[in-house]
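Since the structure comes first, as structure tokens, the remarks are kept for the end.
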Amino acid sequence: MFLLQGSAPQFNVSLALLLGTVGMLVLTVGLIMFIIFHQRKVIRYQLQLQRMEEEQQKILLTASIRLQEEERQRIAADLHDDAGPLLATARLYLTENLVNLDKSTQLQSIFQIRQILDDTIQLVRNISHSLMPPTLKNFGLESAVNDLFQKIGGSGTMNASSRFHDYKDRLKNEKELNVFRVVQELVNNILKHSNASFIHLTQNVQGDNFILRIHHDGRGLVQTDFEKLNKSTVGLGLKNISSRLKVAHGSIYFEKDPSQTYYKVTISIPQEDPEEILVH
Amino acid sequence: MFGLADILSLTLSFKGFKNVFYSSVTLQEYLLFALFLYYSIKTKNAKKAILVLSLLFIAFLAVYTFTAKFVRIDSIPIGVETILILIFSFYYLYEEMNNTSVLFLYNKYQFWVVIAFMIYLSGCFFMYIFANQLPQQMVNEYWFIIDIFLILKNVLFSIAILVFALSRNEKTPPRIHQIKALT
């Protein structure tokens with residue numbers, strides 16, 4: 001009411017005063033509300049991201065446990081189905097030797113036992129090699145990868161070659177094992193699913209990163225396929241690759257060559273771990 | 001401390017040293033607000049900016065106090081103070097908005113203090129600006145705006161104190177006699 005009682009300039013001033021005050025207040029409260037709601041939105045988004053990451057971790061963990069169980073089952077099957085009968089046969093021969101006193105029969109059965117034991121030793125060696133290739137342990141990643149590719153090439157089904165251009169500074173043993181397992185898994189997948197006629201591996205160093213590239217001319221994956229499979233419950237091998245690379249702080253990229261003829265997989269691993277760099 | 005500045009302003013306004021005392025109250029208020037924001041803001045460059053702008057403001061206030069003619073209050077320095085504190089406050093909120101470690105802004109007592117600054121300063125801004133232009137009768141008539149925002153500021157400060165006290169209680173580990181009593 002007092003606004004109506006004043007004169008014109010006074011009315012203008014009081015109107016400006018009231019409008020200005022209300023305007024400033026609205027502006028301030030509006031900005032505060034915006035900041036509060038924006039922060040809430042950001043938090044909600046972050047929580048969602050965290051939940052997704054946890055789910056991904058869970059999938060990877062389950063995959064690695066399943067893989068470990070599968071590996072154990074395979075070793076158990078190898079030992080039970082192959083080594084077990086061989087040793088049982090050797091035992092039979094030995095029992096027969098105790099009963100049969102004929103010299104020539106005894107010699108023959110000892111010869112048989114030796115043969116069986118040789119076979120068992122070879123079998124155990126094969127199992128052990130499949131668990132941890134001796135070339136990798138003794139001579140490093142380069143020799144182990146070259147050996148693997150030579151074996152594949154030697155089978156005659158596929159043209160396989162590998163070349164290390166710059167591997168003077170070896171990676172740590174744990175990292176070498178992880179890289180080797182990743183390469184094994186990738187090569188395995190290519191052999192099983194791609195129907196490729198050639199597979200070629202090259203190694204390089206870019207900056208502080210160890211780079212491995214695998215080319216093949218069969219059917220392959222691109223990054224989106226890999227990510228999709230990685231998030232799904234299938235594709236155990238790919239999840240194993242992801243978890244191994246995570247441990248090594250590395251990354252993997254699946255793509256089709258620009259010429260659209262080859263599929264290319266690039267693995268990049270820092271030569272030194274980020275934690276080590278921080279310590280230095 | 002913020003309340004102390006208000007009490008001081010009321011006391012000194014009766015003493016006759018209008019220019020100096022009004023300016024000193026503006027200075028006190030500005031320094032207290034700016035100091036609080038200086039310690040709440042984490043970015044180094046922003047802290048430097050607060051220091052530089054504060055020095056400039058003090059210099060401006062000094063010049064204004066001894067050169068300008070006061071009708072009622074020091075409108076222009078109050079206007080500048082308001083703008084500066086509002087800028088610092090918005091920067092503080094912007095910083096907190098980008099701080100991912102803060103789950104809820106309103107769980108921090110600093111937030112309530114800054115909100116109190118902002119609402120009080122923005123609410124009183126136009127009244128202080130027009131205080132010298134309006135006739136005395138109108139100033140008296142509209143002075144309730146200042147009173148409302150002063151009350152609001154103090155209510156928000158009380159909330160801040162409450163939040164501070166609650167957060168301290170949460171952080172304090174139980175004393176030995178409390179643990180013994182539990183066992």
Side-chain angles (χ1 to χ4, degrees), chain A residues 1-60 227 231 246 249 251 273-275 277-278, chain B residues 75 79 82-83 85-87 89-108 110-149 152-153 156:
Chain A
M1 277 304 283
F2 53 80
L3 287 176
L4 297 170
Q5 287 161 3
S7 59
Q10 272 184 358
F11 172 75
N12 282 343
V13 172
S14 53
L15 190 72
L17 176 68
L18 281 178
L19 282 181
T21 305
V22 171
M24 277 293 274
L25 210 62
V26 167
L27 200 73
T28 310
V29 172
L31 270 164
I32 292 166
M33 294 308 278
F34 167 76
I35 285 166
I36 290 173
F37 283 116
H38 183 271
Q39 205 230 8
R40 276 185 159 197
K41 209 170 140 187
V42 168
I43 288 167
R44 222 175 294 141
Y45 173 73
Q46 273 176 343
L47 285 174
Q48 202 181 343
L49 214 70
Q50 206 178 328
R51 220 175 298 133
M52 275 167 71
E53 215 166 277
E54 274 169 17
E55 263 172 40
Q56 180 70 10
Q57 293 263 9
K58 212 172 158 185
I59 290 173
L60 282 177
E227 278 161 13
K231 278 173 191 155
K246 208 170 187 180
H249 302 286
S251 63
D273 286 336
E275 301 100 61
I277 294 167
L278 281 175
Chain B
S75 284
T82 303
I83 290 164
I85 297 295
L86 281 178
I87 290 170
S89 302
F90 279 125
Y91 186 80
Y92 166 78
L93 289 178
Y94 170 76
E95 205 182 66
E96 288 298 307
M97 192 173 80
N98 292 328
N99 183 0
T100 48
S101 65
V102 181
L103 201 59
F104 294 110
L105 257 176
Y106 38 81
N107 283 350
K108 290 182 86 176
Q110 287 99 328
F111 170 77
W112 291 102
V113 174
V114 172
I115 295 293
F117 294 168
M118 289 170 79
I119 288 180
Y120 163 68
L121 290 172
S122 59
C124 298
F125 180 69
F126 274 86
M127 188 63 212
Y128 282 138
I129 290 289
F130 282 113
N132 289 340
Q133 272 88 49
L134 292 171
Q136 185 62 47
Q137 193 204 339
M138 270 189 89
V139 172
N140 294 341
E141 218 171 316
Y142 287 117
W143 200 254
F144 75 96
I145 295 175
I146 305 278
D147 295 333
I148 288 172
F149 286 108
L152 204 60
K153 179 187 79 175
L156 289 167

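So you know, we letter chains A, B, ... as the sequences are listed, proteins then strands, and number each from 1.
With contacts defined as side-chain heavy-atom distances shorter than 4.5 Å, the pair B/I119/A/M24 does not qualify. Between A/T28 and B/I115 the shortest side-chain heavy-atom distance does not fall below 4.5 Å. Side-chain contact check for B/Y106 versus A/I36: some heavy-atom pair is nearer than 4.5 Å. The side-chain heavy atoms of B/F126 and A/L18, taken from C-beta on, include no pair separated by under 4.5 Å. With a 4.5 Å cut-off on side-chain heavy atoms, B/M118 and A/I32 count as touching.
Heavy-atom distances place no part of B/I129 under 4.5 Å from chain A, backbone and side chain included. Using a 4.5 Å cut-off between heavy atoms, B/L121 makes no contact with chain A at all.
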Item to check | A/L25/B/F125 under side-chain contact (heavy atoms from CB on, under 4.5 Å): CA gap, chis, key distance, verdict | outcome: CA-CA 10 Å; A/L25 210 62; B/F125 180 69; over 6 Å; no

Checklist entry - Should B/Y142 and A/L17 be marked as a side-chain contact (heavy atoms from CB on, under 4.5 Å) after you check the CA-CA gap, both sets of side-chain angles, and the distance that decides it? => result CA-CA 9 Å; B/Y142 287 117; A/L17 176 68; 3.7 Å; yes

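Residue B/Q136 qualifies as enclosed at atom CD: its count of foreign heavy atoms under 6.0 Å is above 12. Counting non-hydrogen atoms of other residues, nucleotides and ligands closer than 6.0 Å to OH of B/Y94 gives a total of 12 or fewer.
For the set A/L31, A/V42, A/V22, the entry with the most heavy-atom pairs within less than 4.5 Å of chain B is A/L31.
Between the CE atom in B/M97 and the CZ atom in A/R40 there is a gap of 15.0 Å [rounded to 0.5 Å].
Applying the ring-ring contact (aromatic ring centres under 6.0 Å, His included) definition to pairs two or more places apart or across chains, those involving residues 14-40 of chain A are A/F34-A/H38.
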